[in-house]
Amino acid sequence: MDLRQQRTKRNITNAFLKLRSQKPLEKITIKELAEKAEIHKATFYLHYHDIYELSEVLELEVIHNILNGLSDPTMLLTDTERFGEELYYFIMSYDSILEILFSDSRAGMFTMKLEKCLKEYIFERKPDWNTLEMNVILTCLVHGGYHTYVQYKHEIRKSQVDLKQITLMINKIAGSVLSMYTQENQSQ
């Protein structure tokens, strides 16, 4: 991709994020996005089919950036404490963009996409882990852990609760779930 295309995509992304921080995805028009990005509507369509595709691309880009920051996504199943510390660190570092991209009608999409991408990362590296049991465990850990984090996020921001303390509790619970499941399967 040449520099002009990179600049155009960056302008589209920045304009989209500004608009998205002010209004729901469904209320953003290509016309206003193009004006804010200082491009023609036709230029937008050279890069994206519609506003939803742009949102999807940016959402997945952020999730992949978070997962690529992890030293090893399979740690979720082998070293839950370290995995959780790394994951929540990266989620916190992307917090403002996550709040913009996954607000309003997209609010519930983050954990679904994170779960899907995390499973792809893990099962690509450990295909023998792709069992019904492991899928269920991962679903519970991702959704439960993230929703617990969100529940306490505002207290974390106000420094009334320590992020490390919350992630440690989430990680202990995740480790207990995995341990309990492993012990149960070994005894059968």
Side-chain angles (χ1 to χ4, degrees), residues 1 13 17 25 48-49 52-157 161-188:
M1 186 181 322
T13 298
L17 291 173
L25 181 64
Y48 304 100
H49 178 71
Y52 297 98
E53 180 185 10
L54 169 59
S55 186
E56 177 80 15
V57 166
L58 295 177
E59 290 166 4
L60 289 174
E61 185 178 296
V62 170
I63 290 171
H64 285 289
N65 287 342
I66 289 169
L67 294 178
N68 286 332
L70 299 173
S71 48
D72 179 8
T74 62
M75 283 188 310
L76 171 61
L77 305 172
T78 58
D79 188 351
T80 55
E81 197 166 313
R82 185 167 161 216
F83 173 85
E85 285 178 20
E86 287 185 17
L87 179 64
Y88 291 110
Y89 169 80
F90 286 111
I91 288 174
M92 284 290 286
S93 66
Y94 283 94
D95 190 52
S96 58
I97 195 165
L98 289 171
E99 282 193 5
I100 291 169
L101 290 173
F102 294 100
S103 62
D104 304 316
S105 64
R106 310 290 294 169
M109 299 298 291
F110 176 69
T111 52
M112 291 180 2
K113 290 181 181 202
L114 178 63
E115 174 194 359
K116 181 180 184 293
C117 292
L118 184 59
K119 285 179 178 180
E120 288 171 0
Y121 272 62
I122 290 173
F123 297 150
E124 181 179 293
R125 289 159 180 79
K126 305 276 188 181
D128 56 314
W129 288 5
N130 191 357
T131 64
L132 175 62
E133 292 85 3
M134 197 54 66
N135 274 277
V136 170
I137 289 171
L138 287 172
T139 299
C140 289
L141 295 179
V142 169
H143 289 269
Y146 182 73
H147 287 291
T148 303
Y149 160 79
V150 168
Q151 180 73 29
Y152 292 94
K153 181 168 68 170
H154 299 293
E155 282 82 12
I156 291 167
R157 284 188 185 149
V161 175
D162 179 29
L163 173 64
K164 198 158 184 81
Q165 182 183 9
I166 297 297
T167 57
L168 183 62
M169 285 187 269
I170 293 169
N171 298 338
K172 281 184 178 180
I173 292 167
S176 295
V177 167
L178 288 169
S179 174
M180 184 174 63
Y181 178 77
T182 304
Q183 288 173 358
E184 189 177 296
N185 276 349
Q186 289 174 351
S187 67
Q188 290 180 357

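What's counted below: heavy atoms across the whole structure, side chains too, no hydrogens, waters or symmetry copies.
- Listed here is the closest heavy atom pair of L76 and T80: O-CG2, 2.8 Å.
- No donor-acceptor pair closer than 3.5 Å links the side chain of S55 to the backbone N or O of Y52.
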Exercise for the section: Kindly indicate, with the supporting measurements, whether the criterion side-chain contact (heavy atoms from CB on, under 4.5 Å) is fulfilled by K113 and F102. Expected result: CA-CA 11 Å; K113 290 181 181 202; F102 294 100; 4.2 Å; yes
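- Remark: the backbone N or O of K172 is paired with a side-chain donor or acceptor of S176 at under 3.5 angstrom.
- Tested against K119 for a side-chain contact (heavy atoms from CB on, under 4.5 Å), the candidates V142, T139, L114 yield a single pass: T139.
- Across all their heavy atoms, L60 and C117 have their closest contact at CD2-SG, 4.0 Å.
- Listed here is the closest heavy atom pair of L98 and I91: CD1-O, 3.8 Å.
- Not counting sequence neighbours, E81 has no partner by the salt bridge (charged side-chain N to carboxylate O under 4.0 Å, His left out) test.
- Side chain of N135 to main chain of T131: a donor-acceptor pair is present (N/O by atom type, distance under 3.5 Å, no hydrogens or angles).
- Counting non-hydrogen atoms of other residues, nucleotides and ligands closer than 6.0 Å to NE2 of H49 gives a total of 12 or fewer.
- Between the side chain of T148 and the backbone N or O of G144, at least one donor-acceptor pair lies under 3.5 Å.
- The shortest non-hydrogen separation linking I122 to L138 is CD1-CD2, 4.1 Å.
- Rounded to the nearest 0.5 Å, atoms CE (M134) and CD1 (I137) are 5.0 Å apart.
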Exercise for the section: Show your working on side-chain contact (heavy atoms from CB on, under 4.5 Å) between I170 and L141 and close with a plain yes or no. Expected result: CA-CA 9 Å; I170 293 169; L141 295 179; over 6 Å; no
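- By the 30° and 60° cut-offs, the orientation of the rings of Y149 relative to Y146 is tilted.
- Across P73 and Y121, no two heavy atoms sit closer than the pair CG-CD2, 3.6 Å.
- Partners of R82 by side chain to side chain donor-acceptor pair (under 3.5 Å), not counting sequence neighbours, listed by chain and number: S71, E86.
- Listed by chain and residue number, K164 satisfy the salt bridge (charged side-chain N to carboxylate O under 4.0 Å, His left out) test with E85 (two or more places apart in sequence, or in another chain).
- The CG atom of D128 sits 10.0 Å away from the CZ atom of F123 when rounded to the nearest 0.5 Å.
- For the pair L87 and L70, the tightest heavy-atom approach, listed with the atom from each and the gap, is N-CD2, 3.6 Å.
- Counted by atom type alone, N171 and Y88 present zero donor-acceptor pairs between their side chains at under 3.5 Å.
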Problem - side-chain contact (heavy atoms from CB on, under 4.5 Å) assessment of I63 paired with F110 - result: CA-CA 8 Å; I63 290 171; F110 176 69; 3.8 Å; yes
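- Of the possible polar contacts, none joining the D104 side chain to the R106 backbone as a donor-acceptor pair under 3.5 Å is found.
- Side-chain polar atoms of E99 and S103 form no donor-acceptor pair below 3.5 angstrom.
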